[in-house]
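Inspection log for the structure reproduced underneath, given as structure tokens.
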Amino acid sequence: MSKVEESVEVDVPVRTAYNQWTQFESFPHFMEGVERIDQLTPTVTHWVTKFGGVDREFDARITEQIPDERVAWTTVDGEVKQAGVVTFHHLADNKSKVMLQLDYDPEGFAENVGDKLGFVKRQITGDLKRFKEFIEERGSETGSWRGEV
């Protein structure tokens with residue numbers, strides 16, 4: 001398993017950052033390579049991705065969700081093996097930190113080479129930067145889900 005840990009400071013309250021992160025279907029707006037996410041149930045999402053010309057589909061289950069604090073998940077179906085958590089930290093009234101930790105298992109030669117060259121880490125860094133731009137430009141979330149898992 002490989003691990004990546006990245007964070008970004010966003011100029012919105014923790015509640016706004018958290019609420020936006022719960023809108024999984026909006027991820028293609030800021031996550032490069034994510035074609036579509038379907039919310040199947042309150043705790044299961046179906047992902048369609050394309051990275052480096054490789055199409056993948058998988059399901060992920062939310063294993064823990066605490067409003068304004070964290071969202072944790074693990075894949076349950078498909079070729080992709082990963083688990084992660086996103087945590088939200090209050091820095092000031094209109095400033096928060098979003099931290100993503102991901103454990104993943106690269107498949108095949110190309111993914112293992114990409115992992116060794118740091119492609120996944122750069123991808124996550126870019127995705128968090130685009131999340132920052134997305135939420136700061138909007139100034140508010142596109143929706144929210146405040147339930148606990």
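Computed from a predicted model, the values in this text were never measured in an experiment. When a residue number appears, it is its place in the shown sequence, counting from 1.
- Note: Phe30 and Phe134 have tilted aromatic rings, judged against thresholds of 30 and 60 degrees for the angle between ring planes.
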Given side chain to side chain contact (heavy atoms under 4.5 Å, CB included), test Glu25 with Gln39 step by step and report yes or no. CA-CA 7 Å; Glu25 292 169 342; Gln39 184 91 39; 3.7 Å; yes
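- Between Phe88 and Tyr18, the ring planes lie perpendicular to each other; the angle is over 60°, past the 30° to 60° tilted range.
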Could you check Glu136 against Val10 for side chain to side chain contact (heavy atoms under 4.5 Å, CB included), going step by step and ending with a plain yes or no? CA-CA 7 Å; Glu136 288 179 359; Val10 294; 4.1 Å; yes
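- Within a 6.0 Å sphere centred on CG of Asp93, heavy atoms belonging to other residues, nucleotides or ligands number 12 at most.
- To the nearest 0.5 Å, atoms NZ (Lys3) and CG (Leu102) are separated by 10.0 Å.
- Under the 3.5 Å distance criterion, the side-chain polar atoms of Arg61 are left unmatched by any main-chain donor or acceptor of Thr63.
- Lys121 NZ to Ser2 OG: the interatomic distance, rounded to the nearest 0.5 Å, is 12.0 Å.
- Of the inter-residue distances, the one linking Thr16 atom OG1 with Glu141 atom CD reads 4.5 Å to the nearest 0.5 angstrom.
- Summarising the geometry, atom CD1 belonging to Ile124 is positioned 7.5 Å from atom CD belonging to Glu6; distances are rounded to the nearest 0.5 Å.
- Hydrophobic clustering of Ile, Leu, Val, Met, Phe, Trp and Tyr side chains at less than 4.5 Å, counting indirect connections, unites Phe119 with Val113.
- Heavy-atom neighbours of Lys95 NZ from other residues, nucleotides or ligands within 6.0 Å: above the threshold of 12.
- Checking side-chain atoms of Thr22 against main-chain N and O of Trp145 turns up a donor-acceptor pair under 3.5 Å.
- Taking hydrophobic clusters as Ile, Leu, Val, Met, Phe, Trp and Tyr residues chained together by side-chain heavy-atom distances below 4.5 Å, Val80 shares a cluster with Val120.
- A side-chain donor from one of Gln20 and Thr142 sits under 3.5 Å from a side-chain acceptor of the other.
- Separation of atoms CH2 (Trp73) and CD (Glu64) is listed at 12.0 Å; rounding is to 0.5 Å.
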Verdict with reasoning, Leu40 to Thr45, per side chain to side chain contact (heavy atoms under 4.5 Å, CB included): CA-CA 5 Å; Leu40 304 178; Thr45 54; over 6 Å; no
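- At distances below 3.5 Å, at least one donor-acceptor pair connects side-chain atoms of Arg122 with backbone N or O atoms of Leu117.
- A distance-only check finds a donor-acceptor pair linking the side chain of Gln123 to the backbone of Glu32 [under 3.5 Å].
- Hydrophobic clustering of Ile, Leu, Val, Met, Phe, Trp and Tyr side chains at less than 4.5 Å, counting indirect connections, unites Val149 with Trp21.
- Here the CG atom belonging to Asp55 is positioned 5.0 Å from the NZ atom belonging to Lys50, to the nearest 0.5 angstrom.
- The one candidate from Val34, Asp38, Ile62 that meets the side chain to side chain contact (heavy atoms under 4.5 Å, CB included) condition with Phe24 is Ile62.
- The only option from Arg146, His90, His89 that meets the side-chain hydrogen bond (donor to acceptor under 3.5 Å, both in side chains) definition with Asp68 turns out to be Arg146.
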Evaluate Asp127 against Phe27 for side chain to side chain contact (heavy atoms under 4.5 Å, CB included), listing each step before the verdict. CA-CA 9 Å; Asp127 289 347; Phe27 282 17; over 6 Å; no
